[in-house]
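First comes the structure, then the notes that go with it.
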Amino acid sequence: MSIGYACLTMGVPNTSIKRCMLKNVNEQKLEDLIEHNLKSLENMIDYNLNNEIKLFRISSDIIPFGSSEANTVLWHDLFNSQFHTIAEKIKTGGIRVSMHPGQYTVLNSSDSNVVKKAIDDLQYHADFLDSIETDYTNKIVLHVGGVYGDKEMAIKRFAKHLGYLNDSIKKRLVIENDDRSYSICDVLELGRKYNIPVVYDNLHNSVNCCDVSKDDCYWIMECANTWNKGDGKQKIHYSQQDESKKVGSHSPSIMINEFLGFYNNLGDDKPDIMLEVKDKNLSAIKCMNCIAERKKPKALEVEWSRYKYAVLEHSPNDYVKVRNLLKDKKAYPAIEFYNIVENALNVCPSKGNSINAALHIWGYFREVAEEREKKAFFKNIEAFNEGLKPLSAIKKFLWKMAEKHNNEYLLSCYYFNKGF
DNA sequence: TGACGTCAAGATCCG
DNA sequence: CGGATCTTGACGTCA
């Protein structure tokens with residue numbers, strides 16, 4: 001059983017994915033972007049290895065316009081050595097990857113041009129997974145598509161178009177229930193009939209539900225039967241509702257108690273769980289730390305080092321609570337730890353607390369800062385205090401200081417993340 | 001015709 | 001001019 005996250009890695013330097021607009025595409029630009037994105041992907045893989053994250057969805061955007069005629073770069077050959085480096089890391093680390101074409105890749109369309117594009121797009125994803133030398137347990141997750149007023153016909157068309165796919169795609173293809181058209185009942189029927197593994201998505205099911213009398217565990221067991229040996233371990237998508245947004249929106253973070261309630265209900269043979277959540281890797285580590293039967297207390301200390309200034313900024317009370325909680329260096333109170341952190345991050349930071357946290361971080365530079373840096377920092381603080389500058393100006397300044405002094409500790413703090 | 005979802009690129013505004 | 005903030009893009013379906 002592995003827990004993973006999708007596409008982007010938060011708070012880790014040099015993992016950004018770059019893109020460009022179609023009208024600006026040219027060969028050189030695309031080559032530059034691909035080289036950059038592959039380097040970022042390698043850094044994400046390195047991060048996953050260092051944090052024992054064994055499940056990861058690779059962004060479709062690594063190769064911009066990867067399935068479009070606008071992209072004529074022979075990326076597989078041109079970046080052969082970068083691909084091979086990534087392949088070796090994935091292999092030796094035992095990382096299972098996947099890819100997930102979005103809602104606009106529609107294999108069952110009634111428009112043949114759309115179908116052709118969908119097939120090209122699936123081919124791009126399969127080619128990418130081939131390029132990083134992954135086997136057929138590394139899946140491509142697809143939604144069934146549109147309904148066009150006749151679901152039965154639309155499903156038949158899906159099945160027919162499956163026949164157009166080559167082995168590299170077909171052996172990787174898995175299908176997922178969506179929040180609009182194809183419920184888990186529909187997708188299971190399709191999966192059973194055509195021997196396609198089914199990915200169960202709990203939030204989609206709660207929004208687009210075909211049988212309210214059945215719970216998550218029931219559907220997960222039903223889906224389990226669609227996964228054959230060559231497919232690897234069954235995989236599901238897990239996410240939680242963002243209560244402040246419309247139904248189906250992913251939550252900013254995985255609430256650990258709710259997750260554990262779900263997780264502990266799963267049987268002994270648990271599936272791989274892909275988290276779909278805004279804070280990505282942060283929630284993956286949180287969940288992994290909380291289900292670990294034995295983990296070194298060091299793991300929580302590392303997490304605390306990442307969260308502490310964000311917690312201090314939001315809630316000094318909770319900051320003190322965590323410090324007390326972690327005083328016993330032999331204990332491993334992971335669930336309590338994350339409960340306090342979640343509670344803290346829910347508190348809106350007051351102006352005073354924001355300044356307090358910034359001053360704590362400034363403490364790392366008090367001795368080494370140049371006079372003009374000192375002046376600039378306190379000028380920023382004053383401007384923020386008077387409502388003339390946003391907090392982000394202070395954070396940006398402190399981030400630059402951390403970079404200048406190569407302060408690894410601060411550079412891995414979530415305090416600097418967007419949305420914190 | 002616009003909403004849907006995503007997030008960086010691009011555009012514009014501000015001092 | 002640099003930095004902050006707002007808008008656009010790229011995709012297909014459906015109301």
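Every chain is numbered from 1, with letters handed out A, B, ... down the list of sequences. Note that this is a predicted model, so its numbers are computed, not measured.
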Using a 4.0 Å heavy-atom cut-off, does A/Lys246 contact any base of the nucleic acid, only the sugar-phosphate backbone, or nothing at all?
sugar-phosphate
Categorize A/Ser109 for me: base, sugar-phosphate, or nothing, with a 4.0 angstrom heavy-atom threshold over every strand shown.
sugar-phosphate
What is the separation between atom [atom1] on [X] and atom [atom2] on [N], rounded to the nearest whole Å?
X        : N     : atom1 : atom2 : result
A/Asp279 : B/dT6 : CG    : C1'   : 17 Å
A/Lys278 : B/dT6 : NZ    : C1'   : 8 Å
A/Tyr104 : B/dT6 : OH    : C1'   : 9 Å
A/Met99  : B/dT6 : CE    : C1'   : 16 Å
A/Lys18  : B/dT6 : NZ    : C1'   : 19 Å

Mind checking side chain to side chain contact (heavy atoms under 4.5 Å, CB included) for [X] and listing every partner two or more places apart, or none if nothing turns up?
X        : value
A/Glu31  : A/Glu27, A/Gln28, A/Val73, A/Leu78, A/Phe79
A/Val97  : A/Ile58, A/Ile90, A/Ile95, A/Leu129, A/Ile132, A/Thr134, A/Asn138
A/Glu408 : A/Asn406
A/Thr85  : A/Glu42, A/Lys89

For [X] and [Y], does a side-chain donor sit closer than 3.5 Å to a side-chain acceptor?
X        : Y        : value
A/Tyr364 : A/Asn407 : no
A/Ser183 : A/Asp186 : yes
A/Tyr338 : A/Asn289 : yes
A/Asn281 : A/Thr9   : no
A/Lys389 : A/Asn380 : yes
A/His360 : A/Glu313 : no
A/Thr137 : A/Asp135 : yes

DNA chain B: 5'-proximal contact among A/Gly248 and A/Lys418 (nearest heavy atom)
A/Gly248
Who passes side-chain hydrogen bond (donor to acceptor under 3.5 Å, both in side chains) against A/Ser131, sequence neighbours left out?
A/His76
What bend angle does the helix from B/dT1-C/dA15 to B/dG15-C/dC1 show across its length, from five-pair end axes and to the nearest 10 degrees?
80°
Is the closest basic N to carboxylate O distance between A/Glu222 and A/Lys214 below 4.0 Å?
no
Is A/Lys374 salt-bridged to A/Glu371, cutoff N-O under 4.0 Å?
no
Around atom NZ of A/Lys404, are there more than 12 heavy atoms of other residues, nucleotides or ligands at under 6.0 Å?
yes
Heavy-atom neighbours of A/Glu373 CD exceed 12 at 6.0 Å:
yes
Give the first and the last nucleotide of DNA chain C, reading 5' to 3', that has any atom under 4.0 Å from a heavy atom of chain A.
C/dG3 to C/dC14
Under 3.5 Å, which donor-acceptor pairs do the side chains of residues 114-128 of chain A form with other protein atoms, sequence neighbours left out?
{"unit_1": "A/Lys116", "atom_1": "NZ", "unit_2": "A/Asp120", "atom_2": "OD2", "d": "2.8"}
{"unit_1": "A/Asp121", "atom_1": "OD1", "unit_2": "A/Ser67", "atom_2": "OG", "d": "2.9"}
{"unit_1": "A/Asp121", "atom_1": "OD2", "unit_2": "A/Thr105", "atom_2": "OG1", "d": "2.7"}
{"unit_1": "A/Gln123", "atom_1": "OE1", "unit_2": "A/Asn166", "atom_2": "ND2", "d": "2.7"}
{"unit_1": "A/Gln123", "atom_1": "NE2", "unit_2": "A/Asp127", "atom_2": "OD1", "d": "3.0"}
{"unit_1": "A/Tyr124", "atom_1": "OH", "unit_2": "A/Ser60", "atom_2": "O", "d": "2.7"}
{"unit_1": "A/Tyr124", "atom_1": "OH", "unit_2": "A/Ile63", "atom_2": "N", "d": "3.4"}
{"unit_1": "A/His125", "atom_1": "ND1", "unit_2": "A/Asp121", "atom_2": "O", "d": "2.7"}
{"unit_1": "A/His125", "atom_1": "NE2", "unit_2": "A/Ser60", "atom_2": "OG", "d": "2.7"}

Starting at the 5' end of DNA chain C, which residue's closest nucleotide do you reach first, A/Phe65 or A/Pro390?
A/Pro390
Interface residues of [range] with DNA chain C (non-hydrogen, below 4.0 angstrom):
range                       : value
residues 142-150 of chain A : A/Gly146, A/Val147, A/Tyr148
residues 157-166 of chain A : none
residues 114-127 of chain A : A/Val114, A/Lys117

Does any N or O in the side chain of A/Asp272 come within less than 3.5 Å of the main-chain N or O of A/Ser2, such that one atom is a donor and the other an acceptor?
yes
Could you encode protein contacts along nucleotides 10-15 of chain B as a string, one character per nucleotide from 5' to 3', using B for base contact, S for sugar-phosphate-only contact and - for no contact, with a heavy-atom cut-off of under 4.0 Å?
S-----
A/Ser350 vs A/Asn353, test: side chain to side chain donor-acceptor pair (under 3.5 Å). Steps then yes/no.
CA-CA 5 Å; A/Ser350 70; A/Asn353 287 341; 3.3 Å; yes
